[in-house]
Amino acid sequence: MSTPPREPRSSVILYALVDTGTEAVECRVRNLSVTGACVDNSAGLTQGDEVRVTMGTLEQLVARVMWVKATLAGLHFEAQVDIAAARRPRARNTSVQPSAGWMQHIRDAYRERG
């Protein structure tokens, strides 16, 4: 019995938010296909875990951890993903806004320079 061919993988350097249910951790995505991804295991993932992944403009992708090594983990997505959408930049969590001194106006295009 032969194993079905593996989906082609693209080497990428993307960042994804991996939600384990107890914590959400930014992880670096090393390679990506329509059915899975290899990520840095900064979330302490274990084989068999179900996680939700947000990357690019894709949110809450359900994935299962298929394998784990010391620093890497392999994810298998429940449904095929759009690679182009996964590569689009996503808004980073910027919930903390500067509020003191000149920092509160750092993004103001009309601030006084001098």
Side-chain angles (χ1 to χ4, degrees):
M1 184 170 156
S2 65
T3 306
R6 198 167 109 165
E7 290 292 331
R9 304 222 179 282
S10 300
S11 290
V12 295
I13 300 296
L14 301 173
Y15 286 91
L17 187 65
V18 177
D19 186 351
T20 64
T22 57
E23 67 177 331
V25 177
E26 283 278 331
C27 293
R28 191 168 158 177
V29 180
R30 301 291 182 145
N31 69 45
L32 181 64
S33 75
V34 295
T35 58
C38 175
V39 299
D40 285 349
N41 192 11
S42 53
L45 302 172
T46 57
Q47 186 174 351
D49 286 351
E50 184 175 290
V51 296
R52 300 204 180 273
V53 180
T54 298
M55 70 178 137
T57 57
L58 303 174
E59 296 183 1
Q60 300 295 310
L61 300 169
V62 177
R64 178 141 332 261
V65 179
M66 300 305 289
W67 57 264
V68 174
K69 293 187 178 178
T71 60
L72 299 173
L75 306 179
H76 177 74
F77 300 121
E78 191 174 84
Q80 290 192 352
V81 300
D82 179 356
I83 301 292
R87 290 179 173 226
R88 283 189 200 107
R90 71 180 165 90
R92 295 272 180 144
N93 184 2
T94 55
S95 59
V96 177
Q97 297 295 320
S99 62
W102 63 273
M103 288 298 292
Q104 65 187 351
H105 302 292
I106 197 163
R107 292 187 180 93
D108 184 355
Y110 298 103
R111 74 178 188 271
E112 208 173 297
R113 299 177 197 265

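Throughout, numbering of the chain's residues begins at 1 and tracks the sequence.
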- Compare every heavy atom of Y15 with every heavy atom of E26, then report the nearest pair and how far apart it is. OE1-CB, 3.5 Å
- Message: For a 4.5 angstrom cut-off between non-hydrogen side-chain atoms, does V53 reach L17?
- Response: no
- Query: So V39 and V29, side chain to side chain contact (heavy atoms under 4.5 Å, CB included) or not? Walk me through it.
  - Reply: CA-CA 4 Å; V39 299; V29 180; 4.0 Å; yes
- Query: Can you hop from M55 to L72 via hydrophobic side chains spaced under 4.5 Å?
  - Reply: no
- Query: Any side-chain heavy atom of V68 within less than 4.5 Å of one from N41?
  - Reply: yes
- Please name the residue in the list L58, L14, T57 that meets the side-chain contact (heavy atoms from CB on, under 4.5 Å) test with R87. L14
- Query: Any sub-3.5 Å donor-acceptor pair from R64's side-chain atoms to G48's backbone N or O?
  - Reply: yes
- Taking all heavy atoms of I13 and all of R28, pick out the closest pair and write down the distance. CD1-NH2, 3.1 Å
- Nearest heavy-atom pair of R9 and G36: which atoms, and what distance? NH1-O, 4.1 Å
- Atom of E23, atom of A43 and distance for their closest heavy-atom approach: OE2-O, 3.7 Å
- Query: Are any of the side-chain heavy atoms of M66 and L75 separated by less than 4.5 Å?
  - Reply: no
- Item | T20 and D49, any side-chain heavy atoms less than 4.5 Å apart | no
- Please indicate whether E50 has more than 12 foreign heavy atoms, meaning atoms of other residues, nucleotides or ligands, lying under 6.0 Å from its CD. yes
- Heavy-atom side-chain proximity of V62 to R52 below 4.5 angstrom: yes
- Query: With S10, which residues qualify under side chain to side chain donor-acceptor pair (under 3.5 Å), at least two apart?
  - Reply: none
- From D19 CG over to L61 CG, what is the distance, rounded to the nearest 0.5 angstrom? 12.0 Å
- Would you name the heavy atoms of V81 and S33 that are closest together and state the gap between them? CG2-O, 3.7 Å
- Query: Between I83 and V34, does a side chain to side chain contact (heavy atoms under 4.5 Å, CB included) hold up when you go through it step by step?
  - Reply: CA-CA 6 Å; I83 301 292; V34 295; 3.9 Å; yes
- Note on the structure: Smallest heavy-atom separation, A37 atom then L32 atom, equals CB-CD1, 3.9 Å
